[in-house]
Undergrad: 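Quick one: the structure is below, and I'll ask about it shortly.
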Amino acid sequence: MTQRTRVAKYLAAAAGLIGLALSAVTAEAQIPEDVLVVGQIAEPKSLDPATVTAVNDFRILVNVYDGLTRYADGTLKVVPGLAESWEISDDGTVYTFKLREDVTFHDGTPFNAEAVKFNFDRMLKEDHPHHDTGPFPLAFFFSAIEETEVVDEYTVALHLGEPYAPLLSNLAYPTGLMVSPAAVEEYGKDFGRNPVGTGPFKFALWESNRQVALERNEDYWDGAPPLRGVVFRPITDANARVSEMLSGGIDLMVEVPPDNIATFAQSDEFVIHEQAGPHLWFLILNMKEAPFDDKRVRQAVNYAIDKRALVENVLQGTATVATGPIPAAFAWAYNESLEPYPYDPEKARALIAEAGAEGADLTFYVTEGGSGMLAPIAMGTAIQADLAEVGLNVEIETYEWNTFLGKVNPGLEGKADMAEMAWMTNSPDTLPYLALRTDAWPENGGFNSGYYSNPKVDELLEKARTSTDQAERAKLYKEMQAIVYEDAPWAFIANWKQNAVTSSRVKNFKLQPSFLLLLHKTAKE
């Protein structure tokens with residue numbers, strides 16, 4: 001049976017539940033009792049885990065695919081996934097994984113060591129026949145892998161060029177999810193619209209801007225899920241998501257607007273979920289062009305923004321003021337000696353005057369929504385007002401999330417002076433390595449869209465990712481944070497405590513510190 005035939009079969013089987021979810025549901029009773037409808041913040045970009053970067057997409061992907069490792073429930077501790085166990089060589093450069101046997105992809109093809117090799121080679125080797133199904137923007141996660149060796153059918157060894165401390169954690173992140181080689185070979189660049197994994201749910205349907213529907217995998221190696229299906233509906237307008245939740249059109253809503261938390265908390269029909277995790281909301285500042293090529297102006301922006309007012313008023317206490325590029329959730333690596341830039345508009349004005357930047361005109365990219373962006377338009381408008389108070393004239397340009405990423409990720413040069421951004425990460429290495437190193441400038445495939453470059457920061461980050469001693473890594477990360485704090489390539493704004501609301505009929509659901517939406521055990525009464 002071909003994958004296309006299988007999809008047709010899934011559609012036929014799921015037609016009833018999907019059709020109900022598609023309509024403008026006005027009463028909770030209209031949603032099938034064994035189907036969960038999730039209100040997403042945006043349309044996914046792709047369902048190929050190797051090609052996407054947004055948590056909005058990841059929330060779907062982790063229910064379709066598995067990785068070699070995964071995070072233990074409620075923690076960022078790495079535990080076995082598709083790999084039953086692993087051994088690390090004494091020098092830290094060879095990771096040998098024993099794979100689970102008798103696991104199959106949703107298309108019926110076997111998961112084995114050859115499949116693992118296909119996945120890593122596709123991302124990392126330019127001469128791989130399916131490397132053109134990329135680009136693979138987070139392949140950085142696995143750049144230390146020089147060779148993937150098939151030892152036997154269910155044993156695979158990853159050979160690294162040097163020790164790489166975050167590897168096991170990165171394998172648990174969505175970029176490390178295992179895709180079906182046969183499906184990639186069949187669909188090529190269209191694989192992201194026809195995803196095939198080994199996870200608890202199978203892909204059934206994607207109707208653009210309406211829904212992504214998944215169907216229960218009855219043969220899941222870790223036990224079939226209680227839900228017959230899950231429907232992810234992209235509802236980009238926050239007020240519309242709230243309305244759908246209140247009317248029963250969706251069962252689960254992620255990223256609840258701060259203004260609406262009290263509304264849901266007052267009703268027995270809903271349950272509010274909260275979970276701390278490593279998140280940073282910040283402004284990327286374009287250092288290639290005036291005025292942000294001057295450190296004084298970048299520091300002035302950090303002083304000019306009333307971050308406490310933002311977290312207390314706009315975000316209504318759902319976040320804390322951020323200090324630097326590593327969130328406090330990574331307690332072992334966080335530099336506690338640093339304090340957030342205080343709100344000091346007088347100092348901001350003095351720095352701007354000293355740099356000769358009074359009255360500068362700035363273009364500010366703001367998104368309508370997106371993963372971890374909280375209340376981006378309200379935040380952007382408040383920041384615009386704060387900067388006007390210190391003599392900076394800010395013009396806001398607003399874009400839909402995927403369009404926004406298409407403008408920001410290739411770099412701000414010649415387009416904008418600053419842009420909102422948020423990252424939710426699995427390691428203290430991730431965000432600075434992918435977005436602050438010189439080698440992470442956009443033309444090199446990274447996310448350093450403001451073109452920050454400091455050789456000492458580059459050196460510290462390289463040392464930290466190759467050290468296998470956590471105390472040494474912590475020292476290096478803390479030194480890096482102090483330098484970045486002083487250089488101010490970003491305006492550090494907020495660390496969010498993620499939230500969601502579910503119908504009281506939804507059981508066995510909880511948020512994860514990884515920010516991933518795991519629905520394998522979730523049920524609905």
Side-chain angles (χ1 to χ4, degrees), residues 6-7 9-23 25 28 30-44 46-49 52 54-66 70 73 106 174 177 192-235 241 244-245 248-255 271 273 371 500-512 514-525:
R6 289 178 181 276
V7 169
K9 173 188 172 187
Y10 300 158
L11 289 177
L17 67 93
I18 293 169
L20 286 170
L22 274 173
S23 61
V25 183
E28 188 169 330
Q30 291 179 264
I31 303 176
E33 292 194 359
D34 54 359
V35 175
L36 187 78
V37 181
V38 181
Q40 285 272 81
I41 59 177
E43 173 81 349
S46 170
L47 297 180
D48 181 345
V52 294
V55 171
N56 183 67
D57 299 6
F58 293 165
R59 289 176 174 134
I60 302 174
L61 296 175
V62 293
N63 295 288
V64 178
Y65 303 92
D66 298 302
R70 57 184 175 181
D73 186 32
H106 300 151
L177 295 171
R193 300 286 302 201
N194 300 275
V196 181
T198 63
F201 293 93
K202 302 176 180 181
F203 171 72
L205 174 70
W206 182 352
E207 286 200 326
S208 296
N209 299 309
R210 298 194 73 188
Q211 69 159 350
V212 171
L214 310 180
E215 182 187 37
R216 175 169 54 208
N217 178 7
E218 299 284 0
D219 300 318
Y220 186 47
W221 61 268
D222 199 21
L227 293 167
R228 179 160 59 105
V230 182
V231 174
F232 294 87
R233 291 180 53 197
I235 309 173
R241 284 200 308 279
E244 287 283 353
M245 192 73 215
I250 56 179
D251 300 302
L252 190 162
M253 172 182 172
V254 295
E255 302 191 28
V271 178
H273 304 264
S371 306
V501 61
T502 61
S503 160
S504 59
R505 298 170 61 199
V506 175
K507 306 299 179 184
N508 299 328
F509 170 79
K510 65 180 178 180
L511 292 169
Q512 300 291 330
S514 62
F515 296 93
L516 304 176
L517 200 66
L518 304 178
L519 302 175
H520 175 210
K521 302 294 185 181
T522 299
K524 182 177 160 188
E525 295 180 348

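The structure displayed is predicted, hence computed values, not measured ones.
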Undergrad: Look up atom CG in Leu61 and atom CG in Asp66, then write down how far apart they are to the nearest 0.5 Å.
TA: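 Atom-to-atom, Leu61:CG and Asp66:CG are 12.0 Å apart.
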
Undergrad: Indicate yes or no: at least one non-hydrogen side-chain atom of Pro225 is less than 4.5 angstrom from one of Thr522.
TA: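 No, their side chains stay 4.5 Å or more apart.
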
Undergrad: Taking all non-hydrogen atoms of both residues into account, name the closest pair between Arg233 and Ile250 and its distance.
TA: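 The pair with the smallest heavy-atom distance is NH1-CG2, 3.9 Å.
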
Undergrad: In Å, rounded to the nearest 0.5 Å, how long is the span from CD of Glu43 to CZ of Phe232?
TA: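 Taking CD in Glu43 and CZ in Phe232, the distance rounds to 13.0 Å.
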
Undergrad: Knowing that exactly one of Val271, Leu519, Leu36 qualifies, which makes a side-chain contact (heavy atoms from CB on, under 4.5 Å) with Phe509?
TA: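 For Phe509, the side-chain contact (heavy atoms from CB on, under 4.5 Å) check succeeds only for Leu519.
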
Undergrad: Mind checking what makes side chain to side chain donor-acceptor pair (under 3.5 Å) contact with Asn63, not counting sequence neighbours?
TA: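 In terms of side chain to side chain donor-acceptor pair (under 3.5 Å), with neighbours along the sequence ignored, Asn63 is linked to no residue.
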
Undergrad: Less than 4.5 Å apart, side chain to side chain, heavy atoms only: is that true for Pro44 and Val212?
TA: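 Heavy-atom side-chain distance check passes, below 4.5 Å.
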
Undergrad: List the steps, then state whether side chain to side chain contact (heavy atoms under 4.5 Å, CB included) holds for Arg210 with Leu205.
TA: CA-CA 10 Å; Arg210 298 194 73 188; Leu205 174 70; over 6 Å; no

Undergrad: Drop me the distance from Leu227's CG to Leu214's CG, to the nearest 0.5 angstrom.
TA: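 Reported to 0.5 Å precision, the distance equals 10.5 Å.
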
Undergrad: Can you find a heavy atom in the side chain of Phe515 that is under 4.5 Å from one in the side chain of Leu517?
TA: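 Heavy-atom side-chain distance check fails, nothing below 4.5 Å.
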
Undergrad: Gly39 and Ile235: which non-hydrogen atoms are nearest, and at how many Å?
TA: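 For Gly39 and Ile235, the tightest heavy-atom pair comes out as CA-CD1, 4.4 Å.
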
Undergrad: Under the rule for side chain to side chain donor-acceptor pair (under 3.5 Å), what residues qualify as partners of Ser371, not counting sequence neighbours?
TA: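 Listed in chain order: nothing, the list is empty.
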
Undergrad: Quick one: does any side-chain atom of Gln40 pair with a main-chain N or O of Asn56 as donor and acceptor, under 3.5 Å?
TA: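 Yes, Gln40 side chain to Asn56 backbone: donor-acceptor pair under 3.5 Å.
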
Undergrad: To the nearest 0.5 Å, how far apart are CD in Glu218 and CZ in Arg228?
TA: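 Rounded to the nearest 0.5 Å, the CD-CZ separation comes to 10.5 Å.
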
Undergrad: Testing the basics here: between Val254 and Arg241, what is the closest heavy-atom pair and its distance to 0.1 Å?
TA: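 So the two residues come closest at O-NE, 4.0 Å.
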
Undergrad: Provide the closest heavy-atom pair for Tyr65 versus Pro195 in the form atom of the first, atom of the second, distance.
TA: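 Here Tyr65 and Pro195 meet closest at OH-CB, 2.9 Å.
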
Undergrad: For Thr198 and Asn217, work out which heavy atoms get closest and say how close.
TA: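 Closest pair (atom of Thr198, atom of Asn217, distance): O-ND2, 3.9 Å.
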
Undergrad: As a quick check of understanding, evaluate side chain to side chain contact (heavy atoms under 4.5 Å, CB included) for Phe203 and His106, giving each step before the final call.
TA: CA-CA 9 Å; Phe203 171 72; His106 300 151; over 6 Å; no

Undergrad: Rounded to the nearest 0.5 Å, what's the gap from CG on Asn508 to NZ on Lys510? Could you check?
TA: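 Here the interatomic distance stands at 10.0 Å.
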
Undergrad: Mind checking what makes side-chain contact (heavy atoms from CB on, under 4.5 Å) contact with Asp222, not counting sequence neighbours?
TA: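 Testing Asp222 for side-chain contact (heavy atoms from CB on, under 4.5 Å), a comparison that skips the adjacent residues, returns Arg70, Tyr220, His520.
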
Undergrad: Has Arg216 got a side-chain atom pairing as donor or acceptor with Pro226's backbone, closer than 3.5 angstrom?
TA: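 Judged by distance alone, yes, a pair lies under 3.5 Å.
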
Undergrad: How far does CG of Asp251 sit from OG1 of Thr502, to the nearest 0.5 angstrom?
TA: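 Reported value, rounded in 0.5 Å steps: 9.0 Å.
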
Undergrad: Minimum heavy-atom separation for Trp206 and Gly192, please, with both atom names.
TA: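 Shortest heavy-atom separation between Trp206 and Gly192 comes out as CZ3-O, 3.4 Å.
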
Undergrad: What's the verdict on side chain to side chain contact (heavy atoms under 4.5 Å, CB included) for Val37 and Glu244, showing C-alpha distance, side-chain angles and the deciding distance?
TA: CA-CA 11 Å; Val37 181; Glu244 287 283 353; over 6 Å; no

Undergrad: Under the criterion side-chain contact (heavy atoms from CB on, under 4.5 Å), which of Lys524, Glu525, Lys521 is the partner of Lys507?
TA: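 Checked Lys524, Glu525, Lys521 against Lys507; only one passes side-chain contact (heavy atoms from CB on, under 4.5 Å): Glu525.
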
